[in-house]
Visitor: 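Quick one: this structure, given as structure tokens, is what I'll be asking you about.
Below, chain A is the first sequence line, B the second, and so on; all start at residue 1. What you see is a predicted model; the values in this text were computed from it and never measured.
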2 protein chains.
Amino acid sequence: MKTYSHLDLFNDSIPKADEDVHLGRHVLAEFFECDPNTLNSIDKVEKYMMEAALECGATIVQKCFHMFSPYGVSGVVIISESHLAIHTWPELGYAAVDLFTCGSKCDPKVAYEFLKNKFCSKNASFTELKRGIISPDAMKVAEKPFEIMQQFQN
Amino acid sequence: MKTYSHLDLFNDSIPKADEDVHLGRHVLAEFFECDPNTLNSIDKVEKYMMEAALECGATIVQKCFHMFSPYGVSGVVIISESHLAIHTWPELGYAAVDLFTCGSKCDPKVAYEFLKNKFCSKNASFTELKRGIISPDAMKVAEKPFEIMQQFQN
């Protein structure tokens with residue numbers, strides 16, 4: 001599997017000179033009035049989260065999902081571009097979903113629309129935040145190698 | 001391992017009558033000017049994230065961490081109370097950390113202070129958002145069992 005550093009992904013988009021840039025986009029979605037049976041199925045929740053990652057152009061790295069007793073699913077899909085996370089409250093028809101991506105190849109809004117549709121949410125909203133807002137000067141630091149005490153080995 | 005539904009955790013705190021309540025607290029932390037070698041060590045990042053979960057009173061359910069080539073670590077700790085997530089850019093000395101908890105037993109700010117210290121961040125900030133803001137009327141729905149087409153089996 002090809003892997004990328006987060007900075008490779010950031011470099012997909014070329015910032016304008018002297019303009020603050022951000023490393024990632026984080027969409028915090030609130031899905032109310034969803035289909036409770038979908039939210040209580042770990043198979044469906046995992047399937048839709050994985051599909052959402054692919055739909056928005058992400059590369060899947062790892063996943064982990066957990067079914068709570070008696071209700072609710074939590075899960076995360078780690079992508080090369082950051083992560084997608086979900087926590088469901090089937091008894092309330094509610095799911096909290098995080099769609100955090102970096103680079104310009106992924107659009108978290110695509111994943112948002114996809115999941116809103118799959119969960120049949122009749123009352124959905126989101127907040128979008130920029131993560132890692134840095135100046136162009138700070139970016140220059142990244143061009144210099146930092147002292148590595150522990151080498152990556154794989 | 002004892003598991004809880006998200007609603008059990010929510011019920012730890014008793015909301016006042018006629019007051020909107022929220023199911024979770026989400027702290028989005030921005031750690032700048034961190035020690036780059038710590039941020040590039042998957043062992044240290046995983047260790048500190050797991051410890052942060054325990055420090056803030058959470059129950060760990062699952063974890064998954066990934067080392068990028070050449071730099072950077074992504075990882076998530078799923079807790080009974082939601083999740084802790086991290087993405088590091090060692091070359092920039094930056095880490096984006098999410099601390100999402102539900103229930104009154106966990107305090108995400110404790111995890112924030114713990115990680116700020118472990119990563120030696122000299123420039124840290126956070127945004128806190130409420131997740132799953134619902135009315136007391138909506139909570140009553142949860143007292144009625146919903147139709148379950150797929151039973152939980154474990």
Visitor: Most heavy-atom pairs under 4.5 angstrom with chain B, which of A/Gly93, A/Ala96, A/Gly24?
Guide: A/Ala96
Visitor: If we define contacts as heavy-atom pairs under 4.5 Å, which of B/Gln62, B/Arg131, B/Glu30 has the most with chain A?
Guide: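 Counting heavy-atom pairs under 4.5 Å, the top option is B/Arg131.
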Visitor: For B/Ala85, which atoms come within 4.5 Å of any heavy atom of chain A: side chain, backbone, both, or neither?
Guide: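 When you check distances to chain A, only side chain atoms of B/Ala85 fall under 4.5 Å.
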Visitor: If we check ring-ring contact (aromatic ring centres under 6.0 Å, His included) with B/Phe31, which of these qualifies: B/Trp89, B/Phe126, B/Tyr112?
Guide: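 It is B/Tyr112; the other options fail the test.
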Visitor: Can you tell me if B/Asp35 uses its side chain to pair, donor with acceptor, with the backbone of B/Phe119 under 3.5 Å?
Guide: no
Visitor: Work out which heavy atom in A/Lys118 is nearest to a heavy atom in A/Thr38; give both atom names and the distance.
Guide: O-CG2, 4.1 Å
Visitor: Indicate if A/Leu28 and A/Phe114 have the same hydrophobic cluster label, given that clusters are the connected sets of ILVMFWY residues with side-chain heavy-atom separations under 4.5 angstrom.
Guide: no
Visitor: Checking heavy atoms, do the side chain of A/Val97, its backbone, both or neither come under 4.5 Å from chain B?
Guide: backbone
Visitor: Is A/Phe100 in contact with chain B via its backbone, its side chain, both, or neither, using a 4.5 Å heavy-atom distance?
Guide: side chain
Visitor: Do A/Asp98 and A/His26 meet the criterion of a side-chain donor-acceptor pair at a distance under 3.5 Å?
Guide: yes
Visitor: Please classify the contact between B/Leu129 and chain A as side chain, backbone, both or neither, with a heavy-atom cut-off of under 4.5 Å.
Guide: side chain
